[in-house]
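Presented below is the structure to which this report refers.
Note on naming: letters A, B, ... go to the chains in the order of the sequence lines (proteins, then strands), and numbering restarts at 1 for each one. The model shown is predicted, which means the values in this text are computed figures rather than measured ones.
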Amino acid sequence: KKIKKEKHGEKRKHEVEQDVKQKKEPEDKWKWWEEKDNAKDSGVKWKFLEHKGPVFAPPYEPLPKTVQFKYDGKPMKLSLEAEEVMTFYAKMLDHEYTSKNDFNKNFFGDWRKVMTKEEKSIISDLGKCNFRDVCTYFQQKTEERKARSKAEKLEEKQKNEALVEEFGFCDWDGHREKIGNFRLEPPGLFRGRGNHPKMGKLKKRIIPEDITINCSKNSVAPKPPPGHKWKEVRHDNQVTWLVSWTENIQNQNKYIMLNPSSRVKGEKDWQKYEIARNLKTKVDRIREDYMRDLKSSEMMIRQRAVALYFIDKLALRAGNEKEDGESADTVGCCSLRCEHIKLHKQLDGKDFIVEFDFLGKDSIRYYNKVPVLKQVFKNLVLFTENKEGGDDLFDRLNTSTLNKYLNSLMEGLTAKVFRTYNASITLQNQLLELTDPDDENVSSKILSYNRANRAVAVLCNHQRAAPKNFSEQMGRMNDKVGNCGFNGIFSVDYLCLVHAILDSAEIFHYSRRHVTNGWHKKQADIRDAKQEAKSAKSDYKHNKSEGKRKLYEAKKKKIERLQEQLIKLEVQATDKAKNKEIALGTSKLNYLDPRITVAWCKKYAIPIEKCYNKTQRDKFAWAIAMVDESYVF
DNA sequence: AGGTAAACTTAGAAAACTACTT
DNA sequence: AAGTAGTTTTCTAAGTTTACCT
């Protein structure tokens, strides 16, 4: 439908409305990138900073008497604090977390800490607790909230807008800038990712006495709520945060900082891409260096060379050491252990294959079989000799020494710059390769863009949980195309391809081959159309009239049209299937130089809205304003 | 040099919202 | 009005790098 309407140059209803909204919005945003003295690099982050402080989480509302927690089958009224913590668990009752042992153990331990003596003596077994009624109560409340009248919803919306007006902005060097997270995190149960040893622990309510305020000496400092005091008010212009506190699970500092659309964030982002572009000019030399170092007589240098090879080729993260037992067991490059790789001298007819299998950031699995240089392979054999699976692969290396070395090669160079550089350069190359300048169709251009974006997401291993009901949705889509059984083909072989995918031609051929192996409704239509064309042709041969000729021409046109439609449907289905477990957003937001996208849009007259939504346009306003189609990363 | 804390970027999940159907 | 699929926004955990200390 979308394609059809675009073809006819129509705008969809919501797009028209969006345009109207945009016109209404006054264009008085500060164009900081037009100022002359951008990106100066003294440690001073601001000269003047004034804000209203954080918004505290709403206070706990006790349960109505009718809603009862039960212990051992009997209703039990709890003290206020114990009740509050109980509701945290009740709200998560249907979540997978509550089936995990660590979660339950940690929750129960922390819950008991807030119980009264009597409560503690009674409630000794989580298994005897019945949270069901409480859970149902909160579910009902959400339903009620959803079902409120329009007027009620509007009223709340306006109240919220007023709150944002007051607390959501600050004065930063005379400019009104948007704050990112001005609401403090509410109390609840800690939801660690993966196998986190602290999952289920109680995240305490933050009170003013926990809060450090940072603002100008000569500003009007935010007031603590009546009867309370801030922990501290400081005036540190070397940092960018407005509010900080220490979180009680890991004992780490958390901050309130500005929104990505702000100058301070935007400039930093811009600078990040400039450093990555600088790496582009140095990378050949750096690669030569680490190739040479693969044979170094010093073990640390050899390890560094291999690590760098991985970071560059596979876009691995640096991999800091982690204190064990404090968080999930995840690794990056420098913290890889022997058990995370398997060495195959030969595999599937290829030489020197390294099979990676480890959990990375957020416990996302990285699985990949990669052919490596012979010398890299030899080194890996050497590094793993006489070691146990649990031993460090790079025992002479850590992120600190690696980054020190990188910094000596180029100012500002650290391990993560390679991810930024490789992501951005890949997007640029892929766009060049995948965009068909002769194809006028906007939606096919967008598909090319998404495909290029996907190559990057695959490179960076940005995954997501498959959407709920994915297979049904896919099924419906396939019905339209009418093709059978291509779903399985994709998911099975897919991961094996994943990292070879930088060669996009391969993706394309791969997907086409498999899709067209199926049986299509559309294909049946085409077969019918061909039949019709054939008979029209023979009609025309028997009776060489102008009318018959035209009829025959029309039939031929119809075949072409159907074939075009078929390709579009295939491509859409392919896109959806391939996106099943790949998240495009992270790379778009954090790794891809926005100027590449902006330049590409300008070159092919694609509206920027097709690539970036409102938030993204705000974040990348600097890039949108400053670049034309000639920009090269 | 190496350990630790602070500051800041990157990350996927979940909630909220939107457009459209039923 | 309720349901649903798709998209955007929010949330906050989990990384990296820098700063600081001994």
Side-chain angles (χ1 to χ4, degrees), chain A residues 1-2 12-15 17-18 43 45 92 95-97 142-143 145-147 149-150 153 157 160 180-186 188 190-194 196 198-199 203 212 214 236 238-241 244 246-247 249-255 257-260 264-265 268-269 272 317-323 326-328 330-335 359-364 398-404 406-407 412-417 419-420 423 457 460-465 467-470 472-473 476-477 576 579 581-587 589-591 612-616 618:
Chain A
K1 217 187 239 172
K2 210 167 180 176
R12 301 173 81 202
K13 203 173 135 206
H14 74 274
E15 282 176 342
E17 277 167 12
Q18 202 180 31
K45 304 288 166 49
M92 291 178 74
H95 199 286
E96 205 198 328
Y97 272 116
T142 356
E143 290 303 310
R145 249 182 66 82
K146 263 192 225 155
S149 71
K150 263 204 171 138
K153 281 184 183 168
K157 198 179 167 197
N160 185 46
N181 55 328
F182 60 91
R183 278 175 234 263
L184 292 174
E185 297 170 16
F190 177 72
R191 295 153 94 115
R193 309 270 175 109
H196 196 118
K198 298 195 172 181
M199 63 168 79
K203 225 175 82 158
T212 301
N214 191 36
D236 183 354
Q238 307 275 109
V239 296
T240 67
W241 54 267
S244 78
T246 304
E247 147 276 342
I249 303 288
Q250 328 243 30
N251 231 267
Q252 283 168 355
N253 287 352
K254 295 215 172 185
Y255 306 91
M257 290 181 185
L258 295 197
N259 184 276
V264 70
K265 294 287 183 192
K268 198 76 191 296
D269 210 38
K272 173 180 79 184
R317 296 188 184 83
N320 289 293
E321 301 94 310
K322 301 168 82 184
E323 222 179 317
E326 293 295 301
S327 59
T330 62
V331 297
C333 184
C334 293
S335 50
L359 297 183
K361 182 177 180 179
D362 292 312
S363 294
I364 297 294
N398 60 44
T399 53
S400 163
T401 55
L402 178 65
N403 277 335
K404 244 171 222 154
L406 290 175
N407 204 252
L413 187 61
T414 61
K416 85 185 185 70
V417 179
R419 260 168 93 82
T420 313
C460 294
N461 200 225
H462 289 144
Q463 297 187 242
R464 60 168 189 176
K468 278 244 165 73
N469 310 319
F470 181 85
E472 291 103 89
Q473 283 173 35
R476 234 166 294 144
M477 193 130 192
K576 190 178 170 72
N579 268 345
E581 290 173 308
I582 300 176
L584 301 187
T586 303
S587 51
L589 218 57
N590 299 300
Y591 288 102
Y612 289 145
N613 66 33
K614 180 72 166 52
T615 322
Q616 293 162 164
D618 282 347

How close or far is atom [atom2] of [N] from atom [atom1] of [X], stated in whole angstroms?
X	N	atom1	atom2	result
A/M257	B/dT10	CE	C1'	13 Å
A/K361	C/dG15	NZ	P	7 Å
A/N320	B/dA5	CG	P	15 Å
A/K45	B/dA6	NZ	P	16 Å
A/N407	C/dT18	CG	P	7 Å
A/Q238	C/dC20	CD	C1'	14 Å
A/E185	C/dT10	CD	P	15 Å
A/K254	C/dA13	NZ	C1'	6 Å

Less than 4.0 angstrom between a side-chain N/O of [X] and OP1 or OP2 of [N], yes or no?
X	N	value
A/N403	C/dT17	yes
A/K265	B/dT9	yes
A/R145	B/dC17	no
A/R317	B/dA11	yes
A/N181	C/dC11	no
A/S363	C/dA14	no
A/Q250	C/dA14	yes
A/K146	C/dA1	no
A/T399	C/dT16	no
A/K272	B/dT10	yes
A/H462	B/dT10	no
A/H95	B/dA13	no
A/T330	C/dG15	yes
A/K416	B/dT10	yes

Contact between A/R419 and A/C460 at the side-chain level, heavy atoms closer than 4.5 Å - yes or no? yes
Does the side chain of A/M92 reach to within under 4.5 Å of the side chain of A/R191, using non-hydrogen atoms? yes
On a heavy-atom basis, the closest approach of A/Y97 and A/G192 is OH-O, 2.6 Å
To the nearest 0.5 Å, what is the distance between OG1 (A/T414) and CG (A/N407)? 8.0 Å
Drop me the distance from A/L584's CG to A/L589's CG, to the nearest 0.5 angstrom. 12.0 Å
What class does the angle between the rings of A/H196 and A/F190 fall in, given that below 30° is parallel, 30 to 60° is tilted and above 60° is perpendicular? perpendicular
Base, sugar-phosphate alone, or nothing: which one does A/K153 contact when heavy atoms must sit under 4.0 Å apart? nothing
By the 4.0 Å heavy-atom rule, please label A/F190 as base, sugar-phosphate, or nothing. sugar-phosphate
Taking everything shown except A/K153 itself, do over 12 heavy atoms lie less than 6.0 Å from its NZ? yes
Which comes earlier along DNA chain B counting from the 5' end, the contact point of A/T586 or that of A/K268, where each point is its nearest nucleotide? A/K268
Nearest heavy atom decides the nucleotide; on that basis, is A/R191 or A/S587 closer to the 5' end of DNA chain B? A/S587
Compare the minimum distances between each of B/dT10, C/dC11, C/dT17 and the side chain of A/A318, then state the nucleotide with the smallest one. C/dT17
